[in-house]
Amino acid sequence: MRNVLGIVAFASDSTQFGVMEKYRTVGSFSFLGRYRIVDFPISNMSNSGLSRIHVHVRKNPRSIINHLGGGRQYNINAKKGGLSIFFGEGKVSDIFNTDVASYYDNLNNIIEDKSEYVVISLGSVVSNINYQEVIDEHIASGNDITIVYKFSDEAKEKFINCLTLSLGKEKDVTKIDINHGIYKTRNISLETYVLSKKLFVELVKQARERSTLYWFKDIVNENLYRLNVKGFAYRGPVYIINSFKAYFDANLELIQRDKAKELFRKDWQIHTKTNDSVPAKYSKDARVSHSLISNGAIINGTVKNSVIGRGCIIEKDAVVENSVVLPGSYVGKNVHLNYVVVDKKAVIEKVKNIEGTDQEIVYIERGSKV
Amino acid sequence: MKNNMMAMVLAGGKGTRLEALTKKVAKPAVYYGGKYRIIDFPISNCANSGIDIVGVLTQYESVLLNAYAAGGQKWGLDRKDSGVFVLPPREKEEVGLNIYRGTADAISQNIDFVDSVDPEYLLILSGDHIYKMNYDKMLQRHKENGADATIAVLNVSLEEASRFGIMNATSDGRIYEFEEKPKQPKSTLASMGIYIFNWKQLRKELINDMNNPDSSHDFGKDIIPSYLNQGKKLYTYEFNGYWKDVGTLDSLWEANMDLLNPETSLNLDDPDWKIYTEDLAILPHYVGKHGSVKNSIVNQDCVIDGEVEDSVLFGEVVVSERAKVKDVVLMPGVEIGEGAVVTKVIVAPGVKIAANCIVGDANAKNIELISKNVKGDNK
């Protein structure tokens with residue numbers, strides 16, 4: 001796979017996270033207690049044998065740079081390949097900060113790479129896709145562009161605002177649209193594209209000529225009439241993290257062991273940066289059921305249907321239900337949380353009852369004292 | 001922080017008292033504390049003390065240990081001028097040996113390796129102790145004393161003293177006598193098997209020792225007495241923290257249980273003195289709808305749907321519904337079947353205990369190691 005360049009893209013402007021994204025890009029969100037979302041596309045690329053990976057970050061790159069480092073945790077061979085991070089610079093306004101702008105600004109890096117093909121994958125998609133299979137099919141079929149999709153019959157509730165593909169008889173893509181949750185069945189685009197580097201560079205240049213507001217999906221959509229663009233059906237687990245709700249739901253769904261086992265396979269490991277934390281510690285008063293508990297956590301209270309991140313402390317007589325507690329947070333005595341996302345290193349002590357619902361999840365800001 | 005000291009970890013013990021745990025792996029590679037191996041402690045201490053080069057001397061089953069230690073990336077000892085090197089005995093023409101005949105001989109046979117690093121000081125460590133210690137502070141004391149050798153000591157009780165090598169020293173710490181397992185100890189300062197030597201001097205001593213047909217080539221029995229006979233300056237360095245020899249199943253079990261005791265002074269969670277180990281790409285652990293965990297330590301990717309109390313669980317352990325485990329150490333990948341009851345034992349890596357089996361005894365005097373699968377109908 002030495003002739004394929006992996007590109008981890010950032011999500012388009014339809015993402016909705018509110019304050020949570022103030023601190024870092026979606027790819028850098030803590031996920032399931034110890035991962036970051038970007039661990040998934042990068043591990044998938046590395047597991048698929050890609051050795052050169054470009055990660056494009058839209059804004060707030062500090063956290064992701066810190067997390068990715070040189071990429072060794074992903075088994076990327078730094079001698080034969082490597083991980084590079086690019087981020088949008090000097091844009092007057094966010095609306096000009098598109099994926100195409102980031103590719104265009106770094107076009108020389110892409111052109112200079114020896115690869116013949118590129119795989120573009122969204123940094124905010126959690127899956128265990130084998131890109132090798134997509135690339136093989138792409139080359140065998142002689143497509144101009146192959147786009148990966150997941151068929152969903154829950155499109156009314158899930159994958160809201162994700163892109164959809166309309167497919168013809170031969171899986172040829174006839175239209176790229178948005179899932180507004182009106183129809184039950186949709187082909188959800190993973191925004192994962194395989195194409196020759198030559199065509200990729202052409203499309204980036206063409207998009208720039210057309211409009212500085214264009215995203216890559218826009219230029220693909222515009223070229224559907226003349227290019228041979230086909231869908232590739234991915235059948236594995238997928239969680240597209242494009243909203244705060246989607247983030248919360250994915251965390252809670254993956255507490256279920258059978259769902260987690262589908263995503264985390266022995267022969268397809270998801271790598272992340274180690275923190276060398278100690279194993280989790282439970283006191284005599286701990287009561288935990290149906291929850292994921294990360295290393296370094298200290299559990300003295302009650303935890304139900306929740307994800308507890310690395311190094312969190314849940315004090316005696318605290319009750320954490322239906323919640324996601326990010327690494328390094330503190331939940332004090334007698335505090336009751338229900339349907340809450342507690343961002344990193346927050347301290348909840350004084351307010352004793354924080355209650356959301358499954359539709360209105362409460363968000364506690366990073367590092368805040370409540 | 002550079003201190004011109006390299007470390008050699010003596011990891012050659014066969015560890016036969018740990019029974020099947022050391023059948024396939026050398027003793028330093030034995031598991032401890034929910035995610036660590038014993039060797040992680042001396043090597044992490046080295047990494048945290050600013051020591052860049054660590055040699056690990058082993059003679060038994062060094063393949064796994066070699067793969068584990070090689071490179072040193074786990075402990076951050078993988079920069080251009082640092083590393084962890086596993087050194088099994090090599091057949092060398094001039095020696096004609098393929099075993100290490102004693103602790104001192106293990107160093108003697110690797111003089112060429114130490115020379116290639118060319119340190120000013122050599123730190124000798126033992127590979128089977130659990131403790132956190134700043135060797136750099138010990139080196140500072142060694143320099144302040146202008147010592148030829150410094151020996152770390154632990155103040156033990158008078159009853160225990162006859163089981164150790166005891167240092168008799170003046171009030172300023174200068175050692176005038178060494179007694180191996182004395183019947184009537186004159187002091188309670190026990191050697192921890194941690195020595196700092198000035199390399200050039202030790203090198204000469206080791207060459208003499210190699211040529212001495214009467215020597216047993218041991219630091220405690222030969223080198224230290226010889227230093228004292230020559231009137232060299234040997235000093236003690238007193239250590240006050242948690243220290244545990246984990247050479248037997250009982251002590252290995254106790255050392256694990258110590259982690260559940262809030263009184264224990266061993267803090268593995270100190271961000272300034274982390275104990276580094278292998279990182280596995282596995283999920284946080286899952287406690288199921290019927291699960292209950294009390295006063296225990298649990299590592300990643302365990303699945304607990306039964307009752308766990310007063311126990312240490314390594315990674316990827318399964319405790320099924322209605323199973324009960326108490327006072328146990330479950331090593332990686334152990335599976336406890338539905339309704340099984342497991343009490344006060346160590347279960348070796350990967351062992352499966354079938355449904356409804358009853359294993360172990362709360363009143364057992366000695367800790368039993370369960371190293372083979374326990375099949376059903378064992379009520």
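Order of the sequence lines fixes the chain letters, A, B, ..., with proteins taken first and strands second; residue numbering starts at 1 for each chain. None of these values were measured; they are calculated from a predicted model.
Looking only at heavy-atom pairs under 4.5 Å with chain A, the residue among B/Ile282, B/Val303, B/Val308 that has the most is B/Ile282. Across A/Leu32, A/Val278, A/Asp285, A/Ile308, the residue that shares the most heavy-atom pairs under 4.5 angstrom with chain B is A/Val278. In terms of heavy-atom pairs under 4.5 angstrom with chain A, the leader among B/Glu309, B/His290, B/Lys35 is B/Lys35. Note: B/Ser296 leads B/Gly315, B/Ser296, B/Gly34, B/Ser292 in heavy-atom pairs under 4.5 Å with chain A. When each of A/Lys281, A/Lys304, A/Gln269, A/Lys284 is scored by its heavy-atom pairs under 4.5 Å with chain B, the top score falls to A/Lys284. Per-residue counts of heavy-atom pairs under 4.5 Å with chain A were compared for B/Asp269, B/Leu268, B/Ile275, B/Thr277; the largest is that of B/Asp269.
Using non-hydrogen atoms only and a strict 4.5 Å limit, the part of residues 34-45 of chain A facing chain B consists of A/Arg34, A/Tyr35. The stretch residues 287-302 of chain A places A/Arg287, A/Val288, A/Ser289, A/His290, A/Ser291, A/Leu292, A/Ile293, A/Ser294, A/Asn295, A/Gly296 near chain B, each with some heavy atom under 4.5 Å from a heavy atom of that chain. Inspection of non-hydrogen atoms places A/Ile255, A/Arg257 of residues 247-259 of chain A under 4.5 Å from chain B.
Residue A/Arg310: no heavy atom, backbone or side chain, is found under 4.5 Å from chain B. Heavy atoms closer than 4.5 Å to chain A are found in the side chain of B/Tyr36, but not in its backbone.
For residues 298-326 of chain A, there are no ring pair (Phe, Tyr, Trp, His ring centres under 6.0 Å) pairs, not counting sequence neighbours.
Nearest heavy-atom pair, A/Ala286 versus B/Lys294, reported as atom, atom and distance to 0.1 Å: O-NZ, 3.0 Å.
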